[in-house]
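So the structure is just underneath, and the comments pick up after that.
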Amino acid sequence: MEKIKMTTPLVEMDGDEMTRILWKLIKDELLSPYIELNTEYYDLGLEYRNETNDQVTIDSAEAAKRYGVAVKCATITPNAARMTEYNLKEMYKSPNGTIRAMLDGTVFRAPIIVKGIEPYVKNWTKPITIARHAYGDVYKASEMKVSAPGKAELVFTDENGKETRELIHNFKGAGVLQGMHNLECSIESFAKSCFNFALETRQDLWFATKDTISKKYDHTFKDIFQEIFDNEYKEKFADAGIKYFYTLIDDAVARVMRSEGGYIWACKNYDGDVMSDMVATAFGSLSMMTSVLVSPDGCYEFEAAHGTVQRHYYKHLKGEETSTNPIATIYAWTGALRKRGELDNIPELAGFADLLERACIKTIEDGKMTKDLALITSIENPVTLNTQDFIKAVRETLEGLM
């Protein structure tokens with residue numbers, strides 16, 4: 001068949017360790033034989049981030065703003081051990097955090113449903129999409145340990161030097177302090193991204209915080225969501241036949257556990273971090289989770305929701321066989337290619353993305369899968385494949401569907 005042509009570049013952000021190996025395999029086996037890939041490439045591997053003092057991460061985010069669609073491989077966020085391992089100049093920030101902040105985006109994560117990989121919550125029959133705010137809270141907090149009695153205060157000094165003070169605690173002994181913040185403009189972007197995504201996917205939207213305890217911080221989130229919904233989205237939601245409602249985070253957890261799924265659950269930054277892992281695991285596997293960062297002005301960055309699979313990478317370096325699940329990384333590519341096709345009016349490109357996803361699902365449902373799925377599947381006598389053979393099996397299924 002003639003290769004599908006792309007008119008606008010896709011921003012390609014390469015990554016680290018085992019997912020970097022998967023990245024090349026996916027391109028070589030599942031994409032390049034069928035598409036004339038047109039990408040603007042950025043190497044976000046830790047070695048090159050160190051070489052460029054992390055400028056490459058900033059450049060890749062700027063490129064995503066220019067072209068509107070990006071696809072990102074999993075990357076390392078260095079800790080003390082990585083500093084030594086990679087001889088880093090400094091402990092660089094999370095590339096995901098940098099890109100999210102620059103795009104002012106919201107992360108939407110949803111499980112990939114496959115027959116034979118049954119959710120641990122038996123009544124979950126439809127995907128649950130987690131919408132995670134991607135700014136502030138504990139991720140930009142200032143912290144302090146205190147070792148003696150004393151008074152801790154929250155102090156705000158305005159541009160004119162006027163101070164506003166709020167007592168935090170009178171310490172009788174040692175303790176610990178943390179100061180968090182957020183921005184109304186970021187919360188507004190979060191709300192609009194959630195409302196727009198709900199309309200685009202025609203799903204109900206839930207939003208949950210703990211405003212009964214956090215009467216200023218969390219209540220601000222609640223108020224901004226409600227004001228934007230009432231002023232800009234109420235009629236649109238009614239026309240689309242979908243609903244928005246607010247509830248407390250603990251009530252939301254109870255509702256989620258009793259539900260059948262099929263909605264978007266919007267969470268603050270840390271809540272979304274925790275709940276997305278919970279939902280992914282309860283549906284079966286972190287490697288079966290889609291993830292897309294959406295900015296309020298319509299920029300999309302697709303990625304795998306999991307890490308760089310360090311343990312498998314060390315086995316790979318020793319020449320040992322691995323059985324790493326590439327599905328989330330494949331879906332990052334299909335998501336980006338589909339969106340590029342939609343924006344550029346190339347139905348063949350969007351259609352190919354749909355077909356590749358069907359091939360992934362069919363391969364697993366036919367009983368051919370990686371070890372992580374073979375351990376939890378209800379399919380009898382599954383064939384456990386190594387990384388390369390599974391990708392080749394997906395290619396065979398894809399060509400059969402063609």
Side-chain angles (χ1 to χ4, degrees), residues 96-97 100-101 103-110 121 127-143 154 156 166 168-169 177-199 201 203-234 236-237 242-259 261-282 291-296 305:
N96 288 342
R100 288 168 191 163
L103 267 58
D104 194 19
T106 297
V107 180
F108 295 90
R109 288 183 172 170
V121 182
I128 296 170
T129 301
I130 297 290
R132 174 188 171 189
H133 188 210
Y135 178 83
D137 298 347
V138 70
Y139 300 90
K140 282 190 172 289
S142 298
E143 299 180 317
L154 199 60
F156 174 76
E166 188 83 30
I168 298 172
H169 188 67
L177 291 161
Q178 185 181 76
M180 298 195 316
H181 80 280
N182 224 294
L183 306 173
E184 287 198 359
C185 60
S186 180
I187 301 168
E188 289 168 2
S189 294
F190 173 41
K192 289 178 180 179
S193 291
C194 290
F195 291 132
N196 288 334
F197 197 77
L199 287 169
T201 58
Q203 296 182 88
D204 290 346
L205 174 65
W206 304 8
F207 178 50
T209 68
K210 193 67 173 174
D211 68 288
T212 52
I213 301 299
S214 178
K215 292 180 169 60
K216 293 179 181 175
Y217 196 101
D218 281 22
H219 216 298
T220 297
F221 277 81
K222 176 186 177 182
D223 291 344
I224 287 174
F225 261 74
Q226 194 63 52
E227 183 179 354
I228 289 175
F229 177 73
D230 290 341
N231 292 338
E232 300 180 38
Y233 291 93
K234 196 170 187 176
K236 294 176 183 177
F237 268 52
I242 58 176
K243 297 176 182 177
Y244 164 72
F245 80 92
Y246 172 84
T247 187
L248 294 172
I249 186 71
D250 40 350
D251 179 53
V253 170
R255 285 173 178 262
V256 165
M257 297 306 291
R258 294 193 302 265
S259 76
Y263 48 82
I264 300 165
W265 179 12
C267 299
K268 287 166 52 196
N269 206 345
Y270 180 71
D271 293 342
D273 193 0
V274 174
M275 295 306 173
S276 64
D277 277 10
M278 182 273 289
V279 167
T281 304
S291 182
V292 56
L293 176 71
V294 183
S295 71

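As a basis for the values below, the full set of heavy atoms in this structure was taken, side chains included, without hydrogen atoms, waters or symmetry mates. The structure presented is a predicted model; accordingly, all values stated were derived computationally and were not measured. For reference, positions follow the sequence shown, starting with 1.
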Task: Thr106: partners by side chain to side chain donor-acceptor pair (under 3.5 Å), with sequence neighbours left out - done: none
Task: Salt-bridge criterion met for Lys210 and Asp271 (N-O under 4.0 Å) - done: no
- [ ] Report yes if some heavy atom in the side chain of Thr201 is under 4.5 Å from a heavy atom in the side chain of Phe108; otherwise report no.
- [x] no
Task: Test side chain to side chain contact (heavy atoms under 4.5 Å, CB included) applied to Ala252 - qualifying residues, sequence neighbours left out - done: Ala208, Thr247, Trp265
Open item on the list: Within the structure provided, determine whether Arg109 and Val279 are in side-chain contact (heavy-atom separation under 4.5 Å).
Closed with: no
TODO: Decide yes or no for Ile242 and Leu199: does some side-chain heavy atom of the first lie under 4.5 Å from some side-chain heavy atom of the second?
DONE: yes
Task: Heavy-atom side-chain proximity of Val138 to Met180 below 4.5 angstrom - done: yes
- [ ] Report the residues that fulfil side chain to side chain donor-acceptor pair (under 3.5 Å) with Asn196, sequence neighbours left out, ordered by chain and then residue number.
- [x] Tyr233
Open item on the list: Quick check: do Cys194 and Phe225 have side-chain heavy atoms less than 4.5 Å from each other?
Closed with: yes
Task: ring pair (Phe, Tyr, Trp, His ring centres under 6.0 Å) involving Tyr244 - partner list, sequence neighbours excluded - done: Phe195, Phe229
Open item on the list: Please check: side-chain N/O of Ser276 versus main-chain N/O of Asp273, any donor-acceptor pairing under 3.5 Å?
Closed with: yes
Task: Check: Phe221 and Asp211 side chains under 4.5 Å, non-hydrogen atoms - done: no
TODO: Indicate yes or no for a side-chain donor-acceptor contact from Asp204 to the backbone of Lys243 under 3.5 Å, with no hydrogens or angles considered.
DONE: yes
Open item on the list: Taking Asp251 first and then Arg255, would you say they form a salt bridge - that is, a charged N and a carboxylate O separated by under 4.0 Å?
Closed with: yes
TODO: Please assess Asp218 against Lys268 for the test side chain to side chain contact (heavy atoms under 4.5 Å, CB included), listing each intermediate value before the final yes or no.
DONE: CA-CA 9 Å; Asp218 281 22; Lys268 287 166 52 196; 2.6 Å; yes
Task: Side-chain touch Asn182/Ile187, heavy atoms, less than 4.5 angstrom - done: yes
Open item on the list: According to ring pair (Phe, Tyr, Trp, His ring centres under 6.0 Å), who are the partners of His181, at least two apart in sequence or on a separate chain?
Closed with: Tyr135
TODO: For Lys215 and Thr212, indicate whether the former's side chain and the latter's backbone hold a donor-acceptor pair under 3.5 Å.
DONE: yes
TODO: Tell me, please, which residues at least two apart from Phe245 pass ring pair (Phe, Tyr, Trp, His ring centres under 6.0 Å).
DONE: Trp206
Open item on the list: Are the side chains of Ile130 and Met278 in contact, using a 4.5 Å heavy-atom criterion?
Closed with: no
